[in-house]
Number of protein chains: 2
Amino acid sequence: MNDSPRRRELTRLAAQLFVQEGFDRTTVRMLAQEMGIKSGSLFHHFRDKQEILCAVIEEGTQNALAIAREALEACAPTPEARLHAMARAHLETLLTDRNAHVVALYEWRRLDAESRAHLSHLRDAYEALWQEVVGDALEAGLIHGDKFLVSRFVLGALNWTVRWYDPEGSRTPEELARELIAMITPPSH
Amino acid sequence: MNDSPRRRELTRLAAQLFVQEGFDRTTVRMLAQEMGIKSGSLFHHFRDKQEILCAVIEEGTQNALAIAREALEACAPTPEARLHAMARAHLETLLTDRNAHVVALYEWRRLDAESRAHLSHLRDAYEALWQEVVGDALEAGLIHGDKFLVSRFVLGALNWTVRWYDPEGSRTPEELARELIAMITPPSH
DNA sequence: TGTTTACACTAGCGCTTGCTTGGTTATGCT
DNA sequence: AGCATAACCAAGCAAGCGCTAGTGTAAACA
């Protein structure tokens, strides 16, 4: 019931359907068909429909956290490079793991209380990482404002990209990240 | 069927329920009960459930557009004042008309094709207004970057506030707007 | 006074929903 | 060979869904 390889694959498929149709409009029968099994068999892998949603969001968030940490370890230890690495990592995970993140953003309210509490911790850890990096950039005089406020503004700007960003377009996540950081840092830098 | 005062009131109540439960989980029976009528009577005011969702979003967007235009007419004609007026108007309409806007943000995908096309025009008009104001600020050298990119980053940051902003907290929309503008303008201004 | 209009009601149709039950098949271990 | 376990299926239950049909009623208008 926990996390077999099969379950992981089913979770990926579910994420895709949840994005296309929305969680509530995605029936267990649709999920089963997409997975090539009958609807009843679904409940061998997941306790109920809620648990599928929870699994989708959990994997997306955990990936985002892991990628952000890797990006921080791989980049130069300057506040500017760290800020840029975070933004770029966020955009890239938003792209490669798009389905899971869109679900996390738009179906969060469909989680029941306990799932939400469980996932909140993960999300908080991710936001704390941002606040740390933004805080360092503030102390270095790279940007100005309130640590929490800036973090939230930046995260909002980044998450909003799922509504308009076209990966086939001319801009890479790398460029997008640079333009965002350029927007909030004085031109002298 | 068009827009009686009764219908307008029902739309407001529907917005509240859509926020609490989500569109799909809100049944016509719940809507009717909240409105103090029976479920059948609902279809005297709205052709179907979809039309209620459409009405909610339409009113919210039209209000936002109207308030933004008023704010622009009322403020000083400098690029900085206009930018600030737009941000402040956005935050205020997000607050006073919160339900409608949350629905517009999170239930957009539940609209059918024709409703979406109809509402897209309204939304585009609103975004065009932003791009105009941001464009002026760019030409004046107040901020730097790409017109469309900056508009989208800013709108993303503003819309994300519905996830964390607490109106009972210490910050007013006025202050929030100022801090956002301060973040993207060099300290010299 | 008779007719229309707006708004509400009762009753329920036809369909879909998430999930359960009880049993079958394939795989691999001892 | 005997057995355990994981993965699946067929069938269907109970509840809930959006929406319709037909009716009642009180105010507004002719």
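Within every chain, numbering begins at 1; the chains are lettered A, B, ... in the order of the sequence lines, protein sequences first and strands thereafter.
Applying the salt bridge (charged side-chain N to carboxylate O under 4.0 Å, His left out) rule to A:E132 yields the partners A:R82; only residues at least two apart in sequence or on another chain are considered. Applying the side chain to side chain donor-acceptor pair (under 3.5 Å) test to B:E58 and every residue at least two apart in sequence or in another chain returns nothing. For B:R110, the side chain to side chain donor-acceptor pair (under 3.5 Å) partners two or more places apart in sequence, or in a different chain, are A:E107, B:D24.
Among the protein residues, B:K38 comes within range of the nucleic acid bases, having at least one heavy atom under 4.0 Å from a base atom.
Hydrophobic cluster membership is shared by B:L105 and B:W108, with clusters built from Ile, Leu, Val, Met, Phe, Trp and Tyr side chains linked at under 4.5 angstrom. Note: the hydrophobic cluster containing B:F23 also contains B:V162 (ILVMFWY, side chain heavy atoms under 4.5 Å, direct or indirect links). Residues B:L17 and B:M35 share a single hydrophobic cluster, defined by chaining ILVMFWY side chains whose heavy atoms lie under 4.5 Å apart.
Between A:M86 and the options A:V154, A:L155, A:L72, A:L158, a side chain to side chain contact (heavy atoms under 4.5 Å, CB included) holds for only A:L72.
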Kindly determine whether A:N159 and A:H90 satisfy side-chain hydrogen bond (donor to acceptor under 3.5 Å, both in side chains), including the steps that lead there.
-> CA-CA 9 Å; A:N159 285 333; A:H90 193 95; 2.9 Å; yes

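Residue A:H121 holds its NE2 atom at 10.5 Å from CG of A:L119, rounded to the nearest 0.5 Å. A:Y165 contributes atom OH, which lies 7.5 Å from atom CG of A:L91 (distance to the nearest 0.5 angstrom).
Applying a 4.0 Å cut-off to non-hydrogen atoms, none of the residues of residues 19-27 of chain A approaches DNA chain D.
Along DNA chain C, read 5' to 3', the first and last nucleotides having any atom under 4.0 Å from a heavy atom of chain A are C:dT17 to C:dT20.
Between B:L31 atom CG and D:dC17 atom C1' the separation is 13 Å, expressed in whole Å. Put simply, NE2 on B:H45 is 17 Å from P on D:dG18, counting in whole angstrom units. The interatomic distance linking A:M35 (CE) with D:dC8 (P) rounds to 10 Å, in whole Å.
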Table of protein N/O atoms under 3.5 Å from nucleotides 19-29 of chain D N/O atoms:
from: D:dC19; atom 1: OP2; to: B:K49; atom 2: N; distance (Å): 2.9

